Novice: 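Below you will find the structure I want to go over with you.
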Amino acid sequence: MAFDLTARLAQRRAADLYRQRPLLQSPQGPQVVVDGQPLLAFCNNDYLGLANHPEVIAAWRAGAERWGVGGGASHLVIGHSTPHHELEEALAELTGRPRALLFSTGYMANLGVITALVGQGDSVLQDRLNHASLLDGGLLSGARFSRYLHNDVQSLASRLDKAVGDCLVVTDGVFSMDGDMADLPTLAAVAKARGAWLMVDDAHGLGTLGAQGGGVVEHFGLGVDQVPVLIGTLGKACGTAGAFVAGSDELIEALVQFARPYIYTTSQPPALACATLKSLELLRRESWRREHLDGLIAQFRRGAADIGLQLMDSSTPIQPIVIGDSARAIELSRQLRARGLLVTAIRPPTVPAGSARLRVTLSAAHSEAQVQLLLDALADCYPQREPGDA
Ligand SMILES: *Cc1c(COP(=O)(O)O)cnc(C)c1O
């Protein structure tokens, strides 16, 4: 029988892979209410604590008064308004690129760029741990699609030698489930030497890395020559929503012509662009947010090492604790929740089989005392006692 969803769902449940959506009943922040329970959360991507910032809210409100609430049309028809345009200019400046183009979400930006740049007869080479939206864009493009070993320049180079047509090399800037940074200077050199273009998705680095918050390209000092295609998203450190592509004037013009997820969708609400403009201003002006966050990351890593937790090689706000078994990861997450802490268990297929983990994310909105609470709770729950232990 077709569409046996009952069986498919039962199979997922049996594999400890069934997902549920926690119901958030408060604004985003360290202290949340989820499913009726007050919890201290370490799982959002609001890295700078801007999602619920009074100045950002005020900018959104003022934007709605001035521009209304809906985009009203696609960008190419009559939905491209002054706040969108100003936001694009601010994003180009922040990332040190000639131009930027606003998309409604990061997922759409990634689909749009990859499918606009490569097609049949071309090649797309991706880090095997890239975000799902990049992998999906690669598949949808119809280009020859190949995944290289994680952050492995040799593995990339051997694939580049076999590439055909125009070749796009695609990587996360900061890997969303591991927290490590791509070795961008080396990847950029290898790609450039072979005439390929490097595309970097900096969803997690924008705002958190670089002296001005310009992200991973600012951190490594990489210009548009080395990273011709840069993606940033606005729903993480910027605390709002949307995404952008930054690069040369010609790249942006080509995307306006050919990127279907750009062309065939309503522009984001202009008031949202007003809110994001305020976020960008705070992100640049208040460098203490990045400094405080770096302090919390160091505190967490020191404390976790003392307890003997297995962390990944990450200096970013994404600090996963590797567990391995999915059922055990869920059990640990449940034990933390019983102590008033919310840390999500991440399981396959979001991460490779056998590498389930607790994905701790830190935010500038957390305090040192809150990070200490997390460390204390982890020390209580981990290592888990074997059944039968006293
Ligand atoms: C979150 C994320 C996206 C998707 O961005 P949205 O704006 O949430 O659609 C894309 N790429 C990476 C690496 C991400 O972490």
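All values reported here derive from a predicted model rather than from experimental measurement. Order of appearance sets the numbers: ligands from 1, and atoms from 1 within every ligand.
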Novice: State which residue, out of Glu93, Glu253, Glu89, fulfils the salt bridge (charged side-chain N to carboxylate O under 4.0 Å, His left out) condition with Arg99.
Specialist: Glu253
Novice: For His131 and Tyr107, take the angle between the two ring planes, folded into 0 to 90°, and tell me which bin it lands in: parallel under 30, tilted 30 to 60, perpendicular over 60.
Specialist: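 If you compare the ring of His131 with that of Tyr107, the planes turn out perpendicular.
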Novice: Where does the angle between the aromatic ring planes of Tyr262 and His75 fall among parallel (under 30°), tilted (30 to 60°) and perpendicular (over 60°)?
Specialist: parallel
Novice: Less than 3.5 Å between some nitrogen or oxygen of Tyr107 and one of ligand 1, yes or no?
Specialist: yes
Novice: Which of the numbered atoms in ligand 1 are below 4.0 angstrom from a heavy atom of Asn110?
Specialist: 10 (C), 11 (N)
Novice: With a 4.0 Å cut-off on heavy atoms, does Ser133 reach ligand 1?
Specialist: yes
Novice: Show me which atoms of ligand 1 lie under 4.0 Å from any heavy atom of Asp172.
Specialist: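 Heavy-atom distances to Asp172 below 4.0 Å select 13 (C).
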Novice: Is it true that atom CH2 of Trp67 has more than 12 heavy atoms of other residues, nucleotides or ligands lying nearer than 6.0 Å?
Specialist: yes
Novice: Tell me whether the rings of His292 and Trp288 are parallel (<30°), tilted (30 to 60°) or perpendicular (>60°).
Specialist: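 His292 vs Trp288 ring planes: tilted.
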Novice: So for atom CZ, which belongs to Arg61, do other residues, nucleotides or ligands contribute more than 12 heavy atoms lying within a distance under 6.0 Å?
Specialist: no
Novice: Scan residues 188-197 for pairs that pass side-chain hydrogen bond (donor to acceptor under 3.5 Å, both in side chains), counting only residues two or more places apart or in two chains.
Specialist: Asp161-Arg194
Novice: Of the protein's non-hydrogen atoms, which lies at the shortest distance from atom 6 (P) of ligand 1, and what is that distance?
Specialist: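 Heavy-atom neighbour on the protein nearest atom 6 (P) of ligand 1: Gly106 N, 3.3 Å.
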Novice: Side chain, backbone, both or neither: which part of Leu234 comes within less than 4.0 Å of ligand 1 when only heavy atoms are counted?
Specialist: neither
Novice: Indicate yes or no: does an N/O atom of His204 lie under 3.5 Å from an N/O atom of ligand 1?
Specialist: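 Yes, since at least one N or O of His204 sits under 3.5 Å from an N or O of ligand 1.
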Novice: Looking only at protein heavy atoms, which one is nearest to atom 2 (C) of ligand 1, and how far off is it?
Specialist: Lys236 NZ, 2.4 Å
Novice: What pairs of residues pass the side-chain hydrogen bond (donor to acceptor under 3.5 Å, both in side chains) test when at least one of them lies in residues 224-234, not counting sequence neighbours?
Specialist: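 Residue pairs passing side-chain hydrogen bond (donor to acceptor under 3.5 Å, both in side chains), neighbours aside: none found.
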Novice: For Ala203, which part has a heavy atom under 4.0 Å from ligand 1: side chain, backbone, both, or neither?
Specialist: side chain
Novice: How far is atom 11 (N) of ligand 1 from its nearest protein heavy atom, and which residue and atom name does that atom have?
Specialist: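 Result: Asp201 OD2, 2.5 Å.
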Novice: Numbering the atoms of ligand 1 from 1, which are under 4.0 Å from a heavy atom of Thr233?
Specialist: 5 (O)
Novice: Counting heavy atoms only, which part of Met108 comes closer than 4.0 Å to ligand 1: side chain, backbone, both or neither?
Specialist: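 It is neither; nothing of Met108 touches ligand 1.
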